[in-house]
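All remarks here apply to the structure that follows.
Lettering of chains follows the sequences in order, A, B, ..., and the numbering in each one begins at 1.
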Amino acid sequence: MSHDHSLNPETMPHNPEKATLEGKNKFLGLWFFLGGETVLFASLFGTYLALKNSTAGGPSSEELFGLELVFIMTMLLLTSSLTSVYAMYHMKNNDFKKMQLWLGITGLLGLAFLSLEIYEFYHYIHEYGFTFRSSAFGSAFYTLVGFHGGHVLFGLCWLTAIMVRNAKRGLNLYNAPKFNTFSLYWHFIDVVWVFIFTVVYLMGKVG
Amino acid sequence: MANNTNTGNFDSFHKQKHKDEMVKQLITFALMIVFTLIAFVVVLTGVDKIFAIPLLLLLAVVQVAFQFYYFMHMKDAGHEMPSLMIYGGIGAAIVTILALTLIIWW
């Protein structure tokens, strides 16, 4: 076996992402982080629910939100969750190129989602004059949805970094946990979005 | 080799196992799309909010459970600590949301 523990089909452990102690620790550490993130987003959701009717005479959620854009964004992020599952499938089959390909597709879908979110915010600000400072509703909305968008942006930077950094290394026991950790984080972003489109957009339309 | 004690032959058995797992993931994805569509249809058809809001929340919880248990593999063995952490987080999250909303509704 080579010095950098590169994998080949003969020496492939069944779960390369958890075959080393470092891999196991990364896995536990990320879940610990996600538990904390859950509470962080809960505080933002709680704030939003408490303040969503405080529009200060500005547009309400029923007037503001368009479901077409939100539907497309939801499909993009949901699909990117599946493509990162595909990437991990190829990682477990020790197929580095296909893993990189599916991670790349995941990144592009994430980028498309982020672009639509920026367009959405731009639209609210220019068409409705609805900004962070318009009302308590505005502050709570942009903080919650923007914080999620910030997580997507961070995820994209993270993905780019590990894809570029490991492009020539191939898959090994040192970087397999890194890819797996990223994929768990990316799924969690989708988990948060499920609640955002439900609580903010759909419930905002219902009233 | 010394650092790689978990070695096993990467045989067709495991490839098949990964394939079977992937089929489950695809079914999960299809169901999540269906739940999303139901949620949007509920809102577009203008169902009364007394029914709509609990239904929307239920659909979201089911989707998130699929995401955790299938996409993030919480159903697999060796996920006791992740379950503890995420359920701990969810517990604190529920209390946080209740506290913040009750302050306003009181």
Side-chain angles (χ1 to χ4, degrees), chain A residues 1 5 7-16 18-20 27-28 30-39 41-43 45-47 49-51 67 70-71 74-75 78-79 81-82 84-86 89 92-94 173 183-184 187-188 190-191 194-195 197-199 201-203 205-207, chain B residues 1 3-10 14-15 17-19 21-22 25-26 28-29 32-33 36 39-40 42-44 46-47 49 52-53 56-57 59-60 63-64 67-68 70-73 78-79 81-90 92-101 103-105:
Chain A
M1 183 137 190
H5 319 302
L7 298 176
N8 60 61
E10 282 70 43
T11 57
M12 173 82 169
H14 296 149
N15 289 306
K18 279 178 269 181
T20 61
F27 169 78
L28 280 182
L30 190 94
W31 278 98
F32 187 39
F33 167 71
L34 294 184
E37 287 269 279
T38 308
V39 185
F41 274 104
S43 66
F45 272 107
T47 311
L49 286 171
L51 297 176
L67 288 185
V70 177
F71 182 74
T74 304
M75 287 300 147
L78 198 57
T79 310
S81 222
L82 181 75
S84 79
V85 168
Y86 263 108
Y89 167 71
K92 288 188 178 176
N93 284 341
N94 198 13
L173 293 186
S183 113
L184 287 174
H187 289 309
F188 185 77
D190 198 31
V191 164
V194 168
F195 278 109
F197 89 68
T198 302
V199 172
Y201 294 98
L202 295 180
M203 280 165 59
K205 272 288 180 193
V206 173
Chain B
M1 205 62 184
N3 290 314
N4 189 6
T5 51
N6 203 9
T7 301
N9 278 335
F10 194 64
H14 287 103
K15 261 207 151 124
K17 242 177 87 177
H18 294 159
K19 238 185 190 153
E21 174 73 17
M22 205 57 224
Q25 305 278 21
L26 277 172
T28 305
F29 177 71
M32 284 165 71
I33 295 280
T36 308
F40 275 90
V42 164
V43 174
L44 290 175
V47 176
K49 72 184 207 181
I53 289 176
L56 290 174
L57 287 176
L59 286 167
Q63 269 207 59
V64 163
Q67 187 82 242
F68 277 134
Y70 282 87
F71 281 8
M72 296 168 84
H73 300 284
H79 281 69
M81 279 309 272
S83 303
L84 178 71
M85 287 160 186
I86 217 71
Y87 279 112
I90 291 172
I94 291 170
V95 174
T96 307
I97 290 174
L98 278 180
L100 286 167
T101 46
I103 286 171
I104 300 298
W105 290 337

For [X], is it the side chain, the backbone, both or neither that has a heavy atom under 4.5 Å from a heavy atom of chain A?
{"X": "B:Met32", "value": "both"}
{"X": "B:Lys17", "value": "neither"}
{"X": "B:Ala52", "value": "side chain"}
{"X": "B:Ile33", "value": "both"}

Out of [options], which one racks up the most heavy-atom pairs below 4.5 Å with chain B?
{"options": "A:Gly36, A:Ser183, A:Gly46", "answer": "A:Gly46"}
{"options": "A:Phe33, A:Phe41, A:Phe32", "answer": "A:Phe32"}
{"options": "A:Leu202, A:Leu184, A:Val191, A:Thr38", "answer": "A:Leu202"}
{"options": "A:Val194, A:Leu78, A:Leu49", "answer": "A:Leu78"}
{"options": "A:Asp190, A:Val39, A:Val85", "answer": "A:Val85"}

So which part of [X] gets closer than 4.5 Å to some heavy atom of chain B, the side chain, the backbone, both or neither?
{"X": "A:Ser43", "answer": "both"}
{"X": "A:Val199", "answer": "side chain"}
{"X": "A:Tyr201", "answer": "neither"}
{"X": "A:Phe195", "answer": "side chain"}
{"X": "A:Thr79", "answer": "both"}
{"X": "A:Phe27", "answer": "side chain"}

Mind checking whether [X] and [Y] have side chains closer than 4.5 Å, heavy atoms only?
{"X": "B:Leu44", "Y": "A:Leu67", "answer": "yes"}
{"X": "A:Thr198", "Y": "B:Gln63", "answer": "no"}
{"X": "B:Lys19", "Y": "A:Tyr89", "answer": "yes"}
{"X": "B:Thr96", "Y": "A:Phe45", "answer": "no"}
{"X": "A:Leu173", "Y": "A:Pro13", "answer": "yes"}

A:His187 pairs by ring pair (Phe, Tyr, Trp, His ring centres under 6.0 Å) with which of B:Phe68, B:Phe71, B:Phe29? B:Phe71
What class does the angle between the rings of [X] and [Y] fall in, given that below 30° is parallel, 30 to 60° is tilted and above 60° is perpendicular?
{"X": "A:Phe71", "Y": "B:Phe40", "answer": "perpendicular"}
{"X": "B:His14", "Y": "B:His18", "answer": "tilted"}
{"X": "A:Trp31", "Y": "B:His79", "answer": "perpendicular"}

To the nearest 0.5 Å, tell me how far A:Thr74 OG1 sits from A:Phe197 CZ. 5.0 Å
Inter-residue atom distance B:Gln67.CD - B:Met72.CE, 0.5 Å rounding: 7.0 Å
Heavy atoms only, distances under 4.5 angstrom: which of [options] has the most pairs with chain A? Name it, please.
{"options": "B:Gly88, B:Gly89, B:Ser83, B:Gly46", "result": "B:Gly89"}
{"options": "B:Glu21, B:His73, B:Gln25", "result": "B:Gln25"}
{"options": "B:Leu26, B:Val42, B:Leu84", "result": "B:Leu26"}

